[in-house]
Colleague: 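I have a structure here, written as structure tokens, and I will follow up with some questions on it.
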Amino acid sequence: MTQVPPPMAMLAELTHRCPLSCPYCSNPLELEARSRELTTEQWLRVFREAADLGVLQLHLSGGEPATRRDLVDLVKGAREAGLYTNLITSGIGLTRARLDELDAAGLDHIQLSLQGMDAETADRIGGYRGGFERKMQVAGWIKDIGFPLTLNCVLHRQNLHQLPRAIEMAVEMGARRIEVAIVQFYGWAMLNRNALMPTREQAREAEMIVAEARERLKGTLVIDFVPADYHGDYPKRCMNGWGSVGLNITPEGTVLPCHAAQTIKHLEFWSVADRSLSEVWYDSPAFNAYRGTDWMKEPCRSCEHKLKDLGGCRCQALAISGDPAAADPVCVKSPDHGKLQEMAMQFSDGESDELTYRTPA
Ligand code: FES
């Protein structure tokens, strides 16, 4: 049997509570209540176990992690465990004083999300009036304190025209990196496909803008780009391979191979509330279900790309083909590739820009 390497990165969804209501939120449709969230002590135990297991990077996420009153203690505990800490935040709920405390606690890096590149767009998409202005203020404090910053922008039909401005803003804010991801259709985004699906032309143009900016800004800004996979011909290596380098923990402690894994209903997920993280990583049925290549069916099993993309995304295979062990329908070899392309055309032609917002927890 092939030996399973330890995970490198862990995403801790500290809470599902969030002041924003983004219509593409990657949290599940059924949000976890505050009363079920892991306590400070439980999280700190998990962070120590993660470090022992081999995890190097801890991404503190949500919801909005700043809604946790114990955020500073969590960062401090994670740093004491030896983890590199990255806070993934909308910026709402962070004050200058709190950022100073996070700095003193040892926070290594901040990833700030932008829903649009001007107040009108950002506040409408995030469903939070005044949010953009607040984020700009937070970005200024982040720069003053000197935290390494990554800007994080989810792009779709309603804000893709702002991609050049997003890249400019990252440079102006002194960010070292920008992550631009064309929206992935799971969870809430699935409910909004009509309003968010980019056109094929937009998807192609985004690729050209990114290629040009990467060349021009070499040495100044790193641009990570997740292209529009509904308009692609080969799938992405989702999560860098199921159970291969990363894991996600939900607010109440369920350990997932990816953020959408709970849509695969037959899988059995274990929780850090009653097992060690090491047990979950190596032995849980959910993590072993799609590890490596043994689970693959045709056309993946005999495909020359199978080690490159590892069959693509299991959650997308389920959502479109009805079978999580099928080839990701983004792939030209999938029998459902035509169906996916038709859906992409149909949704990108959607007349309405009306959004179904994520219900605040
Ligand atoms: Fe679950 Fe891609 S989101 S495998």
Side-chain angles (χ1 to χ4, degrees), residues 4 7-13 16 22-31 59 61-62 88 152 154 156 179 181-193 196-197 224-250 254-270 280-281 284-297 300-301 303 305-331 333-334 336-337 340 343-344 358:
V4 176
M8 276 171 48
M10 181 166 92
L11 182 95
E13 290 175 4
H16 280 161
C22 303
Y24 47 75
C25 179
S26 63
N27 287 159
L29 297 181
E30 280 177 36
L31 300 170
H59 303 285
S61 164
I88 303 177
N152 177 1
V154 175
H156 41 79
E179 277 186 19
I182 299 194
V183 65
Q184 305 287 296
F185 289 98
Y186 315 105
W188 299 89
M190 202 71 162
L191 299 179
N192 282 294
R193 281 186 298 186
L196 298 178
M197 182 71 72
D224 289 331
F225 179 55
V226 179
D229 60 358
Y230 268 49
H231 291 297
D233 286 336
Y234 290 99
K236 63 182 181 300
R237 185 177 167 128
C238 199
M239 289 299 288
N240 227 337
W242 181 280
S244 139
V245 293
L247 51 89
N248 293 8
I249 306 196
T250 67
T254 305
V255 191
L256 305 176
C258 69
H259 56 272
Q262 282 165 309
T263 57
I264 307 177
K265 295 292 179 206
H266 71 269
L267 291 181
E268 179 188 331
F269 299 102
W270 290 358
V280 180
W281 176 257
S284 70
F287 273 84
N288 285 317
Y290 304 112
R291 243 180 195 139
T293 55
D294 288 354
W295 56 271
M296 286 180 178
K297 301 177 176 177
C300 297
R301 185 181 286 272
C303 178
H305 298 295
K306 75 175 177 185
L307 291 177
K308 190 170 163 215
D309 58 38
L310 291 172
C313 176
R314 299 303 85 233
C315 301
Q316 190 145 267
L318 172 72
I320 308 296
S321 302
D323 176 5
D328 184 335
V330 168
C331 183
K333 294 186 180 179
S334 158
D336 290 318
H337 182 67
L340 188 85
M343 287 167 81
R358 183 193 112 133

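Note that the structure is predicted; figures quoted are calculated from it, not measured. Counting convention: from 1, in listed order, for ligands and their atoms alike.
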Colleague: Can you pull the side chain to side chain donor-acceptor pair (under 3.5 Å) pairs that have at least one residue in residues 312-327, sequence neighbours excluded?
Modeller: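 Residue pairs passing side chain to side chain donor-acceptor pair (under 3.5 Å), neighbours aside: D229-Q316, K297-D323, Q316-D328, S321-D336.
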Colleague: Relative to the ring of Y290, is the ring of H266 parallel (under 30°), tilted (30 to 60°) or perpendicular (over 60°)?
Modeller: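 Judged by the thresholds at 30° and 60°, the geometry between H266 and Y290 is perpendicular.
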Colleague: Within this structure, what is the SG-OH distance for the pair C25 and Y186, rounded to the nearest 0.5 Å?
Modeller: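 Here the interatomic distance stands at 14.5 Å.
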Colleague: Using 0.5 Å steps for rounding, measure from the CG atom of L29 to the CZ atom of R358.
Modeller: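 The CG atom of L29 sits 10.5 Å away from the CZ atom of R358.
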Colleague: Could you grab the distance from atom NE2 of H16 to atom CD of E30, nearest 0.5 Å is fine?
Modeller: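 Between H16 NE2 and E30 CD, I get 11.0 Å after rounding to 0.5 Å.
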Colleague: Short of 2.8 Å from atom 2 (Fe) of ligand 1, name each protein N/O/S atom, waters not counted.
Modeller: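 For atom 2 (Fe) of ligand 1, the protein N, O and S atoms that sit under 2.8 Å away are C238 SG, C313 SG.
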Colleague: Determine whether a donor-acceptor pair (N or O, by modelled atom type, separation under 3.5 Å) exists between the side chain of K306 and the backbone of C300.
Modeller: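 Between the backbone of C300 and the side chain of K306 there is no qualifying donor-acceptor contact (under 3.5 Å).
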